[in-house]
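Notes follow once the structure below has been shown.
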Amino acid sequence: MVNLQINLDKSHIDQIQVSKKVNEFLKPHLNEQQKFKVVTCIMEVLANLIEHKDDSLKEIILIIHCDTSEIIIDILDDAHFTLLTIPDTCPSVNETSGRGLWILRQWMDSVSFQPTISGTHLRLTLNKE
């Protein structure tokens, strides 16, 4: 298993650099479509954390685990935990939220949220087969 960890400070997140680092890490492990899905989902999560979390958010830890059969993406933050409901159908264009969560559910094989001692843990998995 190979891993990548990126520690991010909310006030200094360079999404282009994060995207480049993740792309480079995933290049030998995923095909182009899988890589596109993983990078897009990670960037969606980061954008939503920056936009929707309260001022308690200071740090985000992104960890990607890659083995022969799956990719596991762990995103941990130090903000107050908020239980999110992932919509079963794509929200309408008039909805102000939910589309990103819906995309995560469509593109990843599993999506889970749980509270941690210091905030929230989001886990995304994608089977490589």
Side-chain angles (χ1 to χ4, degrees):
M1 179 178 288
V2 293
N3 303 293
L4 171 68
Q5 179 171 329
I6 303 173
N7 298 326
L8 303 164
D9 180 316
K10 180 189 175 192
S11 62
H12 297 99
I13 294 177
D14 182 341
Q15 290 186 326
I16 293 171
Q17 286 300 94
V18 172
S19 177
K20 285 180 180 179
K21 285 181 183 178
V22 171
N23 257 308
E24 280 301 309
F25 174 76
L26 294 174
K27 191 179 287 189
H29 306 290
L30 297 177
N31 65 42
E32 287 300 313
Q33 182 179 14
Q34 292 169 323
K35 191 169 59 168
F36 177 79
K37 287 180 178 182
V38 169
V39 171
T40 302
C41 286
I42 289 170
M43 300 318 293
E44 176 65 23
V45 170
L46 292 178
N48 281 341
L49 281 171
I50 293 166
E51 182 177 340
H52 296 296
K53 283 291 187 171
D54 59 35
D55 289 338
S56 66
L57 176 66
K58 303 289 184 240
E59 296 179 335
I60 302 165
I61 301 170
L62 168 64
I63 305 169
I64 304 172
H65 314 275
C66 182
D67 66 22
T68 56
S69 62
E70 70 180 350
I71 299 288
I72 301 169
I73 302 109
D74 290 311
I75 301 173
L76 300 106
D77 67 65
D78 62 352
H80 301 292
F81 177 76
T82 304
L83 182 60
L84 301 172
T85 303
I86 301 174
D88 292 325
T89 58
C90 184
S92 74
V93 295
N94 298 325
E95 295 292 322
T96 58
S97 65
R99 286 179 294 284
L101 291 170
W102 184 81
I103 289 169
L104 296 180
R105 173 169 278 161
Q106 299 307 303
W107 284 1
M108 295 290 111
D109 291 307
S110 70
V111 178
S112 64
F113 298 90
Q114 66 183 26
T116 66
I117 191 76
S118 63
T120 303
H121 176 194
L122 167 64
R123 174 167 278 183
L124 310 171
T125 60
L126 178 68
N127 296 327
K128 292 168 86 174
E129 301 161 4

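None of these values were measured; they are calculated from a predicted model.
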(message) Quick test of your reading of the model: are Arg123 and Asp74 salt-bridged, counting only N-O distances below 4.0 Å?
(response) yes
(request) Check Val39 against Ser19 and note the closest heavy-atom contact, atom names and distance. (result) CG1-OG, 3.6 Å
(request) Scan side-chain atoms only and decide if Gln5 and Asn7 contain a donor-acceptor pair under the 3.5 Å cut-off. (result) yes
(request) Ignoring hydrogens and angles, tell me if any N or O in the side chain of Thr116 forms a donor-acceptor pair with the backbone of His121 under 3.5 Å. (result) no
(request) Write down the atom of Ile72, the atom of Glu70, and the distance for their closest heavy-atom approach. (result) CD1-OE2, 3.4 Å
(request) Working to the nearest 0.5 Å, report the span between CZ of Arg99 and CG of Leu104. (result) 13.0 Å
(request) Look up atom CD1 in Ile60 and atom NZ in Lys10, then write down how far apart they are to the nearest 0.5 Å. (result) 8.0 Å
(request) Could you tell me which non-hydrogen atom of Leu124 sits nearest to which non-hydrogen atom of Cys41, and how far apart they are? (result) CD1-CB, 4.3 Å
(message) Within this structure, what is the CD-CG distance for the pair Gln15 and Leu46, rounded to the nearest 0.5 Å?
(response) 6.0 Å
(message) Run Trp107 and Trp102 through side chain to side chain contact (heavy atoms under 4.5 Å, CB included) and show every step you take.
(response) CA-CA 9 Å; Trp107 284 1; Trp102 184 81; over 6 Å; no
(message) Contact between Leu8 and Ile61 at the side-chain level, heavy atoms closer than 4.5 Å - yes or no?
(response) no
(message) Tell me if the CD atom of Gln114 is crowded by more than 12 foreign heavy atoms within 6.0 Å.
(response) yes
(request) Just do the side chain to side chain contact (heavy atoms under 4.5 Å, CB included) check on Phe25 and Val2 with the steps written out, would you? (result) CA-CA 9 Å; Phe25 174 76; Val2 293; 3.8 Å; yes
(message) Do Leu26 and Val38 have side chains that approach each other closer than 4.5 Å (heavy atoms only, starting at C-beta)?
(response) yes
(message) Any non-hydrogen side-chain atom of Asp9 less than 4.5 Å from a side-chain atom of Lys58?
(response) no
(message) Determine whether Leu122 and Val111 satisfy the following criterion, side chain to side chain contact (heavy atoms under 4.5 Å, CB included), listing intermediate values before the conclusion.
(response) CA-CA 7 Å; Leu122 167 64; Val111 178; 3.9 Å; yes
(message) A side-chain contact here means heavy atoms from C-beta on lying under 4.5 Å apart; do Ile50 and Asn48 qualify?
(response) no
(request) Look at Lys27 together with Glu24 and state whether they make a salt bridge at an N to O cut-off of under 4.0 Å. (result) yes
(request) Compare every heavy atom of Ile71 with every heavy atom of Cys66, then report the nearest pair and how far apart it is. (result) SG-CD1, 3.1 Å
(request) Run the salt-bridge test on Asp88 and Arg105 with the 4.0 Å N-O cut-off and return the result as yes or no. (result) yes
(request) Any chance you could lay out the side chain to side chain contact (heavy atoms under 4.5 Å, CB included) test for Thr120 and Leu76, step after step, and finish with the verdict? (result) CA-CA 6 Å; Thr120 303; Leu76 300 106; over 6 Å; no
(request) Measure the CG-NZ distance between Asp109 and Lys128 for me, rounded to the nearest 0.5 Å. (result) 13.0 Å
(message) For Gln34 versus Glu129, what's the shortest heavy-atom pair and its separation?
(response) NE2-N, 4.4 Å
(request) Answer whether the closest heavy-atom distance between the side chains of Ile16 and Lys20 falls below 4.5 Å. (result) yes
(message) Quick one, Lys35 and Asn23 - any side-chain contact, counting heavy atoms below 4.5 Å?
(response) yes
(request) Considering non-hydrogen atoms only, spot the tightest contact between Gly119 and Phe81 and give its length. (result) O-CB, 3.9 Å
(request) Answer with yes or no whether the hydrophobic clustering places Ile63 together with Leu49; edges join I, L, V, M, F, W, Y residues whose side-chain heavy atoms lie under 4.5 Å apart. (result) no
(message) With a 4.5 Å cut-off on side-chain heavy atoms, are Val18 and Met43 touching?
(response) yes
(request) Answer yes or no: is there a side-chain heavy-atom contact under 4.5 Å between Ile73 and Val45? (result) no
